[in-house]
Amino acid sequence: MKIFDTLTAKEKELDVTGTVRIYLCGVTVYDESHIGHARTIIVFDTLRRFLESQGIKVKFIQNFTDVDDKIINRAKEENISPLELSSKFITRYFEDFDRLNIKRATEHPKATDNIPEMIELIKDLIDKNYAYASKNGIYFSVSKFKEYGKLSKKRIEDFISGARIEVDETKNDPLDFALWKFADDQPNWPSPWGNGRPGWHIECSAMSLKYLGENFEIHGGGRDLIFPHHENEIAQSESHTGKNFAKIWMHVGMVTINGEKMSKSLGNTKSIDHVLKNWGPNIIRLFCLSGHYSKPIDYSEEILKETIVKWHQVENCYAELNSPEKDGSVRPSRFSEFFMKKVDSIKQEFNDALNSDFNIPLAFNAFFRLVKEVNNFAASQDISQLFAKNIVPAFETMLEILGLRISKISDEERNTINELIKKRNEFREQKQYQKADEIRKQISNMGIVLIDHKNKTLLLKQEKMGTES
RNA sequence: GGUGAGGUGGCAGAGCGGCUAUGCGUUCGCCUGCAAAGCGAAUCUAUAGGGGUUCGAAUCCCUUCCUCACCUCCA
């Protein structure tokens, strides 16, 4: 599999000979997560699902930043302790992302559980003369790391001309960033240099090293983390180990709204709770994967509505595959064999697309073609069990990789509805259509849409969705 | 101002030197007692503008214009 590496600006072959180790920068837990966070996480969740579907072992680490000024300030506002606040939003995080059908990472380490590791790392950086103590804390000396700027393609001179850097008398160089900040207020931890808290970047260096070791396969996050976060991580980690930090840097494009980046500071975010209520998990996943991961996608009602249409096709396909005729009453073999070849090539296309820099839009293409082929086939003749048995695995594998889940109809529901359908059919035979339609409406109130075929009626359970309110 | 990524049909979105994906939409049909469902066909022949290179460019080079992101916390 090839993935575009931000650092070298080239596609690189992912080494899958051993366990693929992935580190994803998670969220700072001081507020609800929004669909921008969701996109990055969905992309990585899907990547992980894809690798695992190929039998590749994945160790996936995603952290929580649970110590930060924003958390402290917010906690003050709400009159609770920072720890209470962060744990509340960690709980919220899991609720939201479980609903989005995101698999749990192998580990979700918290910054506050790894303070000793960070202190060790800082000690080593001081020993190696990359860091120094000043009045307000311990700082990393950017000028000591010759390759600083290699990820974000910036030159140190550019920063100075940018003139947006705060002048801080206590630092040797305006670019230097904090590894440890002295603090007396809560929370703080003792360190060889005095009580305080870690800087933002050091946690990821420490935790990735602890959980994944040196030179792991993929480090990812949103594009907005390239600078300064990932740049600083590189400086710290490579100064410490003397080795390359991550083999591949994979960055996910922003979610925009009206063409503008969605972010807390702009106040234009859509929370996961909000989008889930309006659109449901499948639509959101499909939407988040609708463009190439590296490019921005724009959140808009129009596009979400288009996505619903596509999803209905998928649901329909599923209903067709799961209501095969009792047996091979259909003389299927020849046509089915021909069809099976198509399915194989679709599967191939799907995998090829994902192997080529995780080109999900192209993979979708293959997936939706399968859906269309099945729907098409079902329109002209009944699907036999044999046929379904052969298609379903491919269909379900793709659904599984994409993290999509179709609502299932329970047996009880099915039984109740089948009774109603029987009645409805009687009315239909008697041409009492009004009464028949009443029953249909009754069923639709249960969230089930009926699709009449010549000699049978399919049940289709649709999620409730759709508008931006 | 600096750096990076882009500008593809009504919309979304691939392709990244030749065979001009795909989906949605729209139109007209089919199916149906009807249908918000399903199917078919047609439609749109697009590649920001201007220069090149080439037998041939959306794809390479130059240039102009525009958009977005980063340069401050941010997924």
Side-chain angles (χ1 to χ4, degrees), chain A residues 6 9 24-28 30-31 33-44 62 65 68-70 149 151-155 157-166 175 200 220-229 231 251-256 259-266 269 287-288 290-292 294-298 300 302-303 305-310 312-313 315-317 319-320 349 353 356 359-369 371-372 375-380 427-434 436-437 440 444 449-454 457-458 460 462:
Chain A
T6 310
L24 208 216
C25 285
V27 294
T28 302
Y30 74 105
D31 203 349
S33 299
H34 58 72
I35 191 166
H37 303 118
R39 154 121 111 146
T40 300
I41 291 156
I42 287 170
V43 165
F44 276 86
Q62 187 188 161
T65 299
D68 172 90
D69 285 348
K70 273 187 290 212
L151 181 72
S152 55
K153 316 276 185 275
K154 290 181 192 310
R155 277 183 278 163
E157 306 89 80
D158 295 337
F159 289 109
I160 294 149
S161 66
R164 277 172 100 170
I165 300 150
E166 248 178 82
L175 283 178
W200 176 31
R223 288 208 90 82
D224 53 353
L225 292 186
I226 293 174
F227 190 89
H229 187 52
E231 194 72 70
H251 289 104
V252 178
M254 296 293 103
V255 175
T256 61
E260 243 187 354
K261 180 180 167 184
M262 188 181 281
S263 74
K264 290 269 168 56
S265 39
L266 288 168
T269 60
F287 166 72
C288 285
S290 66
H292 188 92
S294 64
K295 290 186 179 175
I297 50 170
D298 200 56
S300 81
E302 194 193 347
I303 292 167
K305 280 189 170 156
E306 275 185 24
T307 310
I308 289 178
V309 173
K310 288 185 189 173
H312 283 340
Q313 292 174 348
E315 286 177 320
N316 187 71
C317 173
E320 294 287 358
E349 266 178 59
S356 164
N359 194 334
I360 303 178
L362 208 56
F364 268 170
N365 233 188
F367 175 65
F368 283 112
R369 209 166 70 246
V371 168
K372 248 198 141 87
N375 288 342
N376 182 310
F377 188 88
S380 62
F427 285 129
R428 286 171 78 200
E429 270 168 38
Q430 295 160 19
K431 295 199 199 290
Q432 298 196 41
Y433 295 123
Q434 223 169 344
D437 287 349
R440 181 162 63 189
S444 114
V449 176
L450 298 183
I451 298 168
D452 292 330
H453 277 32
K454 267 182 199 140
T457 300
L458 286 193
L460 196 144
Q462 286 190 339

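Everything numeric here is computed off the predicted structure, so don't read it as measured data. Labels below follow one simple rule: chain letters A, B, ... track the order of the sequence lines, proteins then strands, and each chain is numbered from 1.
Residue A:Gln434 qualifies as open at atom CD: its count of foreign heavy atoms under 6.0 Å is 12 or below.
Contacts of A:Val252 with the nucleic acid, taken as non-hydrogen atoms under 4.0 Å apart, are absent. No engagement by A:Gly220 is indicated, since no non-hydrogen atom pair under 4.0 Å with the nucleic acid exists. Within 4.0 Å of A:Gly221, counting heavy atoms only, lie sugar-phosphate atoms of the nucleic acid but no base atom.
The distance from atom CG of A:Leu225 to atom P of B:U72 is 15 Å, rounded to the nearest whole Å. As a whole-Å value, the separation of A:Glu260 CD from B:A69 P is 7 Å. Following rounding to the nearest Å, A:Phe227 (CZ) and B:C73 (C1') show an atom-to-atom distance of 13 Å. Rounding to whole angstrom units, CG of residue A:Asp68 and P of B:U72 are separated by 17 Å. Across the protein-nucleic acid pair, A:Phe368 atom CZ and B:G23 atom P stand 11 Å apart, rounded to whole Å. In this entry the distance linking NE2 of A:His229 with P of B:U72 reads 16 Å, nearest Å. For A:Glu231 and B:U72, the CD to P distance is 13 Å, given to the nearest whole Å. What separates OH of A:Tyr30 from P of B:A75 is a distance of 7 Å, to the nearest Å.
Of the residues near RNA chain B, A:Asn365 and A:Thr40, the one whose nearest nucleotide (by heavy atom distance) lies more toward the 5' end is A:Asn365.
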>> For nucleotides 32-44 of chain B, give me one character per nucleotide, 5' to 3': B if any protein heavy atom sits under 4.0 Å from the base, S if the only such contacts are to the sugar-phosphate, - if neither.
In response: -BBB-SSSS----

> With the sugar-phosphate defined as primed atoms, P, OP1 and OP2, and the base as all remaining atoms, what B/S/- string results for nucleotides 4-16 of chain B, 5' to 3', for protein heavy atoms under 4.0 Å?
Replying inline: -------BSSSS-

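If you check B:U3 for Watson-Crick or wobble pairing at under 3.5 angstrom, you find it paired to B:A69. Base pairing of B:G33: no nucleotide in any strand meets the Watson-Crick or G-U wobble criterion (both distances under 3.5 Å). Across all strands shown, B:G40 pairs with B:C28; the Watson-Crick or G-U wobble distances both stay below 3.5 Å. In a base pair of the Watson-Crick type (N1 to N3 plus N6-O4 or O6-N4) or a G-U wobble (N1-O2 and O6-N3), with each distance short of 3.5 Å, B:U47 is matched with no nucleotide.
Comparing the P positions of B:C65 and B:U53 gives an interatomic distance of 23 Å, to the nearest angstrom. The same atom, C1', is picked in B:U67 and in B:U8; the two are 15 Å apart, to the nearest Å. Using atom P as the reference point in both B:G10 and B:G49, the two lie 13 Å apart (nearest Å). Going from the C1' atom of B:A21 to that of B:C28 covers 25 Å, rounded to whole Å. Separation of the C1' atoms belonging to B:G52 and B:G40 is 46 Å when rounded to the nearest angstrom. B:A12 and B:A5 have their P atoms separated by 23 Å, with the value rounded to a whole Å. Remark: the separation of the P atoms in B:A58 and B:G51 is 14 Å, to the nearest Å. B:U47 and B:G9: their C1' atoms are spaced 9 Å apart (whole Å).
For the side-chain contact (heavy atoms from CB on, under 4.5 Å) test with A:Cys288, the passing option among A:Ile42, A:Val43, A:Thr40 is A:Ile42; the others fail.
Applying the side-chain hydrogen bond (donor to acceptor under 3.5 Å, both in side chains) rule to A:Glu306 yields no partners; only residues at least two apart in sequence or on another chain are considered. A:Asn359 meets the side-chain hydrogen bond (donor to acceptor under 3.5 Å, both in side chains) test with no other residue; sequence neighbours excluded. Partners of A:Lys310 by side-chain hydrogen bond (donor to acceptor under 3.5 Å, both in side chains), not counting sequence neighbours: none found. Applying the side-chain hydrogen bond (donor to acceptor under 3.5 Å, both in side chains) rule to A:Thr307 yields no partners; only residues at least two apart in sequence or on another chain are considered.
Between A:Lys264 and B:A75 there is no side-chain N or O to OP1 or OP2 distance below 4.0 Å.
For the atom pair A:Leu450 CG and A:Asp437 CG, the distance stands at 10.5 Å (nearest 0.5 Å). To the nearest 0.5 Å, atoms NE2 (A:His251) and SG (A:Cys25) are separated by 7.5 Å. How far NE2 of A:His37 is from NZ of A:Lys264: 5.0 Å, rounded to the nearest 0.5 Å. Here the straight-line distance linking atom CZ of A:Arg223 with atom OG1 of A:Thr6 works out to 6.0 Å at 0.5 Å rounding.
No donor-acceptor distance shorter than 3.5 angstrom exists from the side chain of A:Gln62 to the backbone of A:Leu24, with no hydrogens or angles considered.
Here the side chain of A:Pro228 is nearest to one of B:C73, B:A75, B:U22, namely B:C73.
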